[in-house]
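Computation of the quantities below employed the complete heavy-atom set of this structure, encompassing side-chain atoms and omitting hydrogens, waters and symmetry-equivalent molecules.
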Amino acid sequence: MKKVLLTFFCALTALFATAQTQKNYTESMVVTVDGTAAEPTQCNVTVVDNGNNTIDFILRDFAFEVAGQQLNVGDVCIQNVTAVQEEDGLTSFSANAAYTVPADKLPAEFQPMAPLFQNLPLILQGKMNDEKLYATLDITIDNPYLKQSISVQVGNNKFPPANGRIYTEPLVVTVNDV
């Protein structure tokens, strides 16, 4: 009986040791299509720490306007994104991936062109800490029928200093003994 309990305990410990953790962020988002930026909106991002220096980045309910039509893409999930803990306390991440817009998310008039929205090059870069996330996604649609550059900025690149300390001291500047 002791061996069974010990085996069960070891299996349970291993399960929790490799369990994924996730963090949800709410940030502002600006979508720029061919150089024209839309008004900022709020977005939700989930980051899943896979525990092996990779994360899964999920932009929830992504939507933007393309060719005058609203495109409600839904969740954009980029898996196994390389993540590195930096000296300043932030975690930086980046990935080059291919993304396919789900055919059921395309407006009716775009349905015949669904294959043109497959395997779109996507570049993800960003950084985060426990409270804040900043990321950029660049998606390129480049085919004979449609050429568009879509840039997405999530959050802003203003993080507090590493240890959260800001020192304010008087400054005296002397020029020519004055």
Side-chain angles (χ1 to χ4, degrees), residues 10-35 37-38 40-64 66 71-106 114-143 146-165:
C10 288
L12 190 61
T13 302
L15 175 67
F16 285 117
T18 60
Q20 297 175 331
T21 59
Q22 76 177 30
K23 177 75 177 149
N24 297 310
Y25 298 91
T26 300
E27 299 285 349
S28 65
M29 177 179 72
V30 176
V31 178
T32 304
V33 178
D34 291 336
T41 59
Q42 289 292 109
C43 73
N44 295 307
V45 174
T46 299
V47 175
V48 179
D49 184 349
N50 297 322
N52 59 357
N53 294 326
T54 66
I55 61 170
D56 294 342
F57 180 94
I58 307 160
L59 175 58
R60 301 283 182 192
D61 301 320
F62 180 54
F64 65 98
V66 61
L71 188 59
N72 297 311
V73 176
D75 292 349
V76 174
C77 181
I78 306 158
Q79 297 180 318
N80 298 314
V81 175
T82 302
V84 177
Q85 184 69 37
E86 302 291 344
E87 289 181 13
D88 60 3
L90 299 176
T91 300
S92 64
F93 53 90
S94 64
N96 289 331
Y99 183 72
T100 296
V101 177
D104 65 334
K105 299 294 184 177
L106 293 170
L116 301 178
F117 292 94
Q118 295 179 353
N119 297 317
L120 301 174
L122 180 143
I123 299 170
L124 170 67
Q125 295 181 326
K127 55 187 174 179
M128 64 185 174
N129 60 21
D130 285 340
E131 295 81 35
K132 183 173 172 24
L133 174 120
Y134 168 73
T136 60
L137 289 94
D138 293 311
I139 305 166
T140 304
I141 301 172
D142 188 6
N143 58 61
L146 182 62
K147 294 185 185 311
Q148 284 197 309
S149 171
I150 302 161
S151 296
V152 181
Q153 179 179 321
V154 176
N156 64 50
N157 198 11
K158 296 177 183 172
F159 286 84
N163 293 325
R165 294 181 176 216

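To the nearest 0.5 Å, the span separating NZ on K132 from OG1 on T26 amounts to 12.5 Å. A distance of 10.0 Å separates CE in M128 from CG in L90, rounded to the nearest 0.5 Å. Annotation: the span from F117 atom CZ to I139 atom CD1 amounts to 11.5 Å, rounded to 0.5 Å. Taken to the nearest 0.5 Å, the CD1 atom of I55 stands 11.0 Å off from the CG atom of N52. To the nearest 0.5 angstrom, S94 atom OG is 12.0 Å from F57 atom CZ. Note that CG of D138 and CD1 of I150 are 10.0 Å apart. Values are rounded to the nearest 0.5 Å.
Judged as a salt bridge (charged side-chain N to carboxylate O under 4.0 Å, His left out), and not counting sequence neighbours, the contacts of K147 are D142. Listed by chain and number, the residues in a side-chain contact (heavy atoms from CB on, under 4.5 Å) with D104 are P102 (sequence neighbours excluded).
Using a 4.5 Å cut-off on side-chain heavy atoms (C-beta onward), N156 and S28 make no contact. When side chains are defined from C-beta on, F62 does not count as touching V101, because their heavy atoms never get closer than 4.5 Å.
Closest non-hydrogen pair, A63 versus V31, comes out as O-CG2, 4.5 Å. Across all non-hydrogen atoms, the minimal contact from V47 to Y25 is CG2-CE1, 3.8 Å. Listed here is the closest heavy atom pair of N50 and D56: ND2-OD1, 3.1 Å. Annotation for Y134 and N157: closest pair CD1-N, 3.6 Å, computed over non-hydrogen atoms.
Listed for the D34 side chain is a donor-acceptor partner under 3.5 Å among the backbone atoms of S149. A donor-acceptor pair is defined here as one N or O able to donate and one able to accept, closer than 3.5 Å; such a pair exists between the side chain of E27 and the backbone of L133. Using modelled atom types, one side-chain atom of Q153 and one backbone atom of G155 make a donor-acceptor pair closer than 3.5 Å.
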Contacts table for residues 73-82: side-chain donor-acceptor under 3.5 angstrom, sequence neighbours left out:
| from | atom 1 | to | atom 2 | distance (Å) |
| --- | --- | --- | --- | --- |
| D75 | OD1 | D61 | N | 3.0 |
| D75 | OD2 | R60 | NH1 | 3.0 |

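For N24, the CG atom sits in a packed shell: over 12 heavy atoms of surrounding residues, nucleotides or ligands are nearer than 6.0 Å.
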Legend entry - side-chain hydrogen bond (donor to acceptor under 3.5 Å, both in side chains) evaluation trace for T46 with Q22: CA-CA 7 Å; T46 299; Q22 76 177 30; 5.2 Å; no
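Paired with M29 under the rule side chain to side chain contact (heavy atoms under 4.5 Å, CB included), one option of L137, N44, V152 passes, and it is V152.
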